[in-house]
Amino acid sequence: FEKPRGSLLCYNTSRCIRDYEKLPKLYPCFRAPDILITGDGTEIRWAVIKDRSWTEGAISSHGHADAAFGRDSEWNSCIRNCWDKSAENVKKALDALDEHCIPHLNDTANALNGVGEARYAITLKG
């Protein structure tokens with residue numbers, strides 16, 4: 001991606017991408033950002049112009065009718081490499097603390113890649 005210059009609209013949310021995709025439908029005035037950061041910063045997507053050079057599935061509107069987003073492959077590679085090395089240890093340590101207040105919080109289906117997000121979330125009762 002060629003990163004643009006000047007002011008950019010960036011949404012940064014801890015939501016998984018599946019939950020984010022519901023927002024533009026619920027709030028029609030929800031403008032498409034230039035940069036979309038989801039999953040506690042583990043996934044970065046840039047608004048792109050779709051052309052024939054994109055492979056099938058490489059971009060998605062993520063709920064916005066007027067935009068398409070492509071994943072930042074450099075960031076994704078960095079995050080996945082680190083996560084893949086540490087995921088089992090992280091999950092084991094956090095499972096002991098999780099009070100399971102939100103069902104399906106870490107389901108693989110929350111991500112669009114078939115392997116799940118490169119993060120692990122837990123909930124605690126207050």
*Checking side chain to side chain contact (heavy atoms under 4.5 Å, CB included) against Ile44, which of Ile79, Ile37, Asn76 comes through?*
Ile37
Could you report the tightest heavy-atom contact between [X] and [Y], atom names first, then the distance?
X	Y	answer
Gly39	Thr42	O-OG1, 2.7 Å
Ser60	Glu21	OG-OE2, 4.3 Å
Ala32	Asp66	CB-OD1, 3.8 Å
Phe69	Ser61	CE1-O, 3.6 Å
Ala111	Gly116	CB-C, 3.6 Å
Pro33	Tyr20	CD-OH, 3.7 Å

*Can you check whether Leu9's main-chain N or O pairs, donor with acceptor, with Asp34's side chain at less than 3.5 Å?*
yes
*Quick check: does any side chain N or O of Asn110 sit under 3.5 Å from a backbone N or O of Leu105, one acting as donor and the other as acceptor?*
yes
*Run the side-chain contact (heavy atoms from CB on, under 4.5 Å) check on Asn113 and Arg80 step by step: do they pass?*
CA-CA 11 Å; Asn113 59 17; Arg80 290 307 313 187; 3.7 Å; yes
*Listed once per pair and sorted, the salt bridge (charged side-chain N to carboxylate O under 4.0 Å, His left out) pairs that draw on residues 114-123, sequence neighbours left out*: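 Counting only pairs at least two positions apart or across chains, the salt bridge (charged side-chain N to carboxylate O under 4.0 Å, His left out) contacts touching residues 114-123 are Asp40-Arg119, Glu117-Arg119.
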*Does atom CH2 of Trp75 have more than 12 heavy-atom neighbours, drawn from other residues, nucleotides or ligands, at distances under 6.0 Å?*
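It does not: Trp75 CH2 has 12 such atoms or fewer within range.
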*Path from Tyr120 to Val115 over hydrophobic side-chain contacts below 4.5 Å*: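 Tyr120 and Val115: separate clusters.
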_I'd like to know if Ile102 and Ile122 are part of one continuous hydrophobic network [Ile/Leu/Val/Met/Phe/Trp/Tyr, side-chain heavy atoms within less than 4.5 Å]._
no
_Using side-chain heavy atoms (C-beta onward) and a distance below 4.5 Å, is Arg45 in contact with Tyr11?_
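The answer is no; the side chains never approach within 4.5 Å.
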*Report yes if some heavy atom in the side chain of Pro24 is under 4.5 Å from a heavy atom in the side chain of His62; otherwise report no.*
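No - every pair of side-chain heavy atoms lies 4.5 Å or more apart.
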_Sidechain N-carboxylate O distance under 4.0 Å for Lys92, Asp95_ = no
*By salt bridge (Lys or Arg N to Asp or Glu O under 4.0 Å), which residues pair with Arg15, not counting sequence neighbours?*
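Here no residue qualifies.
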*Could you give me the CA-CA distance, side-chain angles and deciding distance for Asp107 and Arg18, then say whether side-chain contact (heavy atoms from CB on, under 4.5 Å) is met?*
CA-CA 11 Å; Asp107 284 0; Arg18 294 277 188 205; over 6 Å; no
_Return the CG to NZ distance between Asp98 and Lys91, rounded to the nearest 0.5 Å._
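The NZ atom of Lys91 is 12.5 Å from CG of Asp98, to the nearest 0.5 Å.
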*To the nearest 0.5 Å, how far apart are CZ in Arg71 and CG in Leu36?*
10.5 Å
